[in-house]
K.L.:
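Following this message is one structure expressed as structure tokens.
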Amino acid sequence: MDARVPLLEAAAQVVREAGGRSLRWVEDTGEMPLGAVVALEELGAVAGDEVHRWWRHEVTEGMPAAPTARGAAQPAAEGASFRVGMGGAWCDVEVVGDRAVLVHDRQEEGTAAALAALVSLAVRQVTAESAGIRAVETCVAPGDDVFEAALVSLGFAPTTRRAVEYHLAWGT
């Protein structure tokens, strides 16, 4: 049995005892087995808004030429192999088996070209430092057209994997 359901039942009980009327959490649809989906439906959980969609690039397809600018080395988040930054944007890069996962953030909207340069730099660095990387993945928030344009320019494609917000409510 999936540990998710007993965990959510226990969390719901704590929320109820504290006077709450609902519980919200985010699930990555790519990691949820069918049995867990059925169990969540039986529990009364409802899928809501999309939080982000995953995009993927097969490294064997090649990347555009690396930008001439070099990103500034910065301390990486816990679990990340390294961080690269350009201007007010950065990417933490985590290696998971034969894939690299990029987590990006930026201070300002920026341009698709600037974000493409940042992602290209991160991909080039991880493939140079980590043998066997076959794919790079990252996620995009709904409506982030600038980041989507940057990813498309580098050959990334959206996957069917996404994260959604779930909601479990009881009593009124």
K.L.:
Strictly distance-based, threshold 3.5 Å: is any side-chain N or O of T127 a donor or acceptor partner for the main-chain N or O of R124?
P.N.:
yes
K.L.:
Taking all non-hydrogen atoms of both residues into account, name the closest pair between V93 and A122 and its distance.
P.N.:
CG2-CB, 3.9 Å
K.L.:
Let me see the working for Q13 and E17 under side-chain hydrogen bond (donor to acceptor under 3.5 Å, both in side chains), right down to the final yes or no.
P.N.:
CA-CA 6 Å; Q13 184 62 36; E17 290 171 3; 2.9 Å; yes
K.L.:
Is V15 close to W170 at the side-chain level, that is, under 4.5 Å between some pair of heavy atoms?
P.N.:
yes
K.L.:
Please report the closest heavy-atom contact between I133 and G97, naming both atoms and the distance.
P.N.:
CD1-O, 4.3 Å
K.L.:
About how many Å separate OG of S130 and CD of Q125, when rounded to the nearest 0.5 Å?
P.N.:
9.0 Å
K.L.:
Measuring from atom CH2 of W25 to atom CD of E165, what distance do you get when rounded to the nearest 0.5 angstrom?
P.N.:
9.5 Å
K.L.:
For A163 versus V26, what's the shortest heavy-atom pair and its separation?
P.N.:
CB-CG1, 3.8 Å
K.L.:
Are the side chains of R161 and E137 in touch, meaning some heavy atoms are under 4.5 Å apart?
P.N.:
yes
K.L.:
Provide the closest heavy-atom pair for L115 versus A89 in the form atom of the first, atom of the second, distance.
P.N.:
CD2-CB, 4.3 Å
K.L.:
Less than 4.5 Å apart, side chain to side chain, heavy atoms only: is that true for T138 and V119?
P.N.:
no
K.L.:
Locate the shortest heavy-atom distance separating L23 from A12; write the atom from each residue and the value.
P.N.:
CD2-N, 3.9 Å
K.L.:
Looking at H52, R106, R53, which hits side-chain hydrogen bond (donor to acceptor under 3.5 Å, both in side chains) with D144?
P.N.:
R106
K.L.:
Report yes if the side chains of E94 and V103 come closer than 4.5 Å at any heavy-atom pair, otherwise no.
P.N.:
no
K.L.:
I would like to know whether L102 and W55 meet side chain to side chain contact (heavy atoms under 4.5 Å, CB included); could you show each step before the answer?
P.N.:
CA-CA 10 Å; L102 307 180; W55 287 61; over 6 Å; no
K.L.:
State the OG1-CZ distance between T159 and R56, to the nearest 0.5 angstrom.
P.N.:
8.5 Å
K.L.:
Can you measure from CG (D105) to CH2 (W90) and round to the nearest 0.5 angstrom?
P.N.:
4.5 Å
K.L.:
Does R16 have more than 12 heavy atoms from other residues, nucleotides or ligands lying within 6.0 Å of its CZ?
P.N.:
yes
K.L.:
Side-chain contact test, heavy atoms from C-beta onward, threshold under 4.5 Å: evaluate it for D92 versus R83 and give yes or no.
P.N.:
yes
K.L.:
Can V59 be reached from F82 by stepping across I, L, V, M, F, W or Y side chains whose heavy atoms are under 4.5 Å apart?
P.N.:
yes
K.L.:
With side chains defined as the heavy atoms from C-beta onward, is the minimum distance between L154 and H57 less than 4.5 Å?
P.N.:
no
K.L.:
I need the minimum non-hydrogen distance between C139 and H104, along with the two atoms involved.
P.N.:
O-ND1, 4.5 Å
